[in-house]
Amino acid sequence: MNTDSSGDQAADTEFRPATTAITAGRCANGTSLAPPLWSSSTWASASLADARKRATGHRSKEFYGRYGNPTVGAFEEAIAELEGAEDALAYASGMGAVTTVILALCGQGSHIVAQRQIYAGTLAFLQGPCRRFGIDVSIVDGVEPGAFAAAVQPGKTMMILAETPSNPLLELVDLDELGAIKGPFKVVDSTFATPLGQNPLRHGIDIVLHSATKGIAGHNDATLGVIAGERDLLNEIWSYGVLHGATPSPHDALNALRGVRTMAVRTAHQSGSALQLAKELAADANVVAVFYPGLPTHPQYDLAQRQMRHNGTVLSFAVTGGIDHAASVLDRLRLGRIATSLGGPETLVCHPATTTHASLTPDEQTVGGITPGLLRVSVGLEDPDDLVEDFRQAVRAVTA
Ligand SMILES: *Cc1c(COP(=O)(O)O)cnc(C)c1O
């Protein structure tokens, strides 16, 4: 069972992930247990030689805010350890990470293969600015076996961009299959899993990426992105990133590092509640479909058990009666708040067709399964019995 991490000790780290979440990211602490906040945007040098060293060295943490910051560095260290990576780099947002990675590694004439089931902001960036810059993009179905490999153009494809579990239908990409593809950089947006749910680098992926705004920070009080991978590759991305300027706020890095400390208990509680809620909804006559990797009815249930440590903190379900019934469920929920984002303490519910996926054409919505009755739930930290009761009364009332 994938919720049991007791046999999961990684070969190259000393501890299991929940312990690493406590021990990692203390490089800026001194003897303080809490990380100090370095709000400084510039640092003094002792001499011209010292100033030159700071200005020209790689990843200088005490030169100028855009180059690095000790508080941000502590957060990066924690994520690198949790992902089993040599290094990590934080950005001002998840999209700051996505755009920096793409523009650091691709240029005019390069080709990117991305999955159809990708974050709407990422898709908009690929289809808008990337094409405008002469970057060619192919969109494939990330669930279909062999689809990524078939779209690779040898010598031209620089990057494969995947996301698993995906938004909002929690579809999975087989990380072993993706990791085995030779040639392009393989980048995986692992936001929905958090570093405790899966570690794509262990499957041959080159860069794992998170919107740390979500489950990593975990309290809806930080906007932050992070990537992890091999140091040489990240140094190259860092050099571009200093010019791109999606620099993370040290305040947000501090909040995110505090989030890391409680991430294991939060994700365990939330994924447990999500499974309970998913089962309850699946048994409700007013629900036509439930999407959750922890349900044996999920078409990729076996893959989820194989590559994920927990089933995730987000589920989606579709009610009978389309948008009117979806609206009525939202109106009647007492605990589920109408809001986008995920991974925080409050249970949040959103209507993808009119919010996160509103930019898709009706055809794209149909192909993507974004039906009018679909609701996405980010399960919070409330008592699961209260949540189940809240959703039960809201969904039952639809046809009452
Ligand atoms: C939210 C999100 C992003 C973008 O992150 P921001 O912090 O909002 O910029 C990217 N990918 C996924 C899967 C997300 O959920």
Side-chain angles (χ1 to χ4, degrees), residues 72 75 79 83 88-103 112 114-130 142-143 159-173 175 187-198 200 205 207-228 241 244-249 251-253 255-256 259 263 267 270 274 291 293 308 312-316 339-344 348-350 352 355-360 368 370 376-380:
V72 173
F75 169 71
I79 297 302
E83 287 291 6
L89 280 169
Y91 293 97
S93 64
M95 281 308 297
V98 169
T99 55
T100 303
V101 167
I102 291 175
L103 295 179
I112 298 176
Q115 73 185 76
R116 167 174 68 67
Q117 305 91 333
I118 207 149
Y119 183 70
T122 304
L123 189 65
F125 186 73
L126 292 170
Q127 293 181 329
C130 282
V143 170
M159 185 180 293
I160 302 177
L161 212 50
E163 180 176 319
T164 184
S166 71
N167 176 36
L169 296 184
L170 295 316
E171 293 175 277
L172 307 186
V173 173
L175 290 172
V187 181
V188 167
D189 185 334
S190 190
T191 299
F192 274 51
T194 81
L196 288 168
Q198 67 192 13
I205 303 304
I207 295 174
V208 57
L209 182 153
H210 294 275
S211 167
T213 312
K214 315 292 170 53
I216 293 179
H219 293 74
N220 296 324
D221 61 3
T223 301
L224 201 69
V226 67
I227 64 170
H244 191 85
T247 311
S249 149
H251 295 81
D252 286 350
N255 282 352
M263 188 163 47
T267 51
Q270 287 167 326
F291 305 91
M308 296 181 71
T313 65
V314 179
L315 64 93
S316 290
T340 188
S341 202
L342 56 118
L348 305 181
V349 189
C350 79
T355 56
T356 54
H357 291 67
S359 60
L360 267 54
I370 315 296
R376 185 190 80 184
V377 186
S378 166
V379 177

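Whatever order the structure lists them in is the order used to number ligands and atoms, beginning at 1. Remember, it's a predicted structure, so these values are computed and weren't measured experimentally.
Judged by the shortest distance from any of its heavy atoms, Asn167 lies outside the 4.0 Å radius around the atoms of ligand 1.
Residues Val173 and Val188 form no side-chain contact, since every pair of their non-hydrogen atoms from C-beta on lies 4.5 Å or further apart.
Considering CG of Leu209 and CG of Leu161, their distance stands at 8.0 Å, rounded to 0.5 Å. One distance of note links CD1 of Ile370 with CZ of Arg376; it measures 10.0 Å at 0.5 Å rounding. Distance check: Asp221 CG to Asn255 CG gives 4.0 Å after rounding to the nearest 0.5 Å. To the nearest 0.5 Å, the span separating CZ on Phe192 from NE2 on His210 amounts to 13.0 Å.
Polar contact check, Met95 against ligand 1: a nitrogen or oxygen pair lies under 3.5 Å apart. In terms of N/O distances under 3.5 Å, ligand 1 is not approached by Leu342. Taking only nitrogen or oxygen atoms, main chain and side chain alike, Lys214 reaches within less than 3.5 Å of ligand 1.
Proximity to Thr213 (heavy-atom distance under 4.0 Å) selects the following atoms of ligand 1: 7 (O). Atoms of ligand 1 found under 4.0 Å from any heavy atom of Glu163, numbered from 1 in the order shown, are 13 (C). The contact set between ligand 1 and Ser211, taken as ligand atoms under 4.0 Å from a residue heavy atom, comprises 1 (C), 2 (C), 3 (C), 4 (C), 5 (O), 6 (P), 7 (O).
With sequence neighbours left out, Thr213 forms a side-chain contact (heavy atoms from CB on, under 4.5 Å) with Ser211, Thr223. A search for side-chain contact (heavy atoms from CB on, under 4.5 Å) contacts involving Ala193 returns Pro165, Ser190, Gln198, Met308, not counting sequence neighbours.
If you check which protein heavy atom lies closest to atom 6 (P) of ligand 1, you get Gly94 N, 3.3 Å. Nearest to atom 8 (O) of ligand 1 among the protein's heavy atoms is Tyr119 OH, 3.9 Å. Among protein heavy atoms, the minimum distance from atom 11 (N) of ligand 1 is reached at Asp189 OD2, 2.6 Å.
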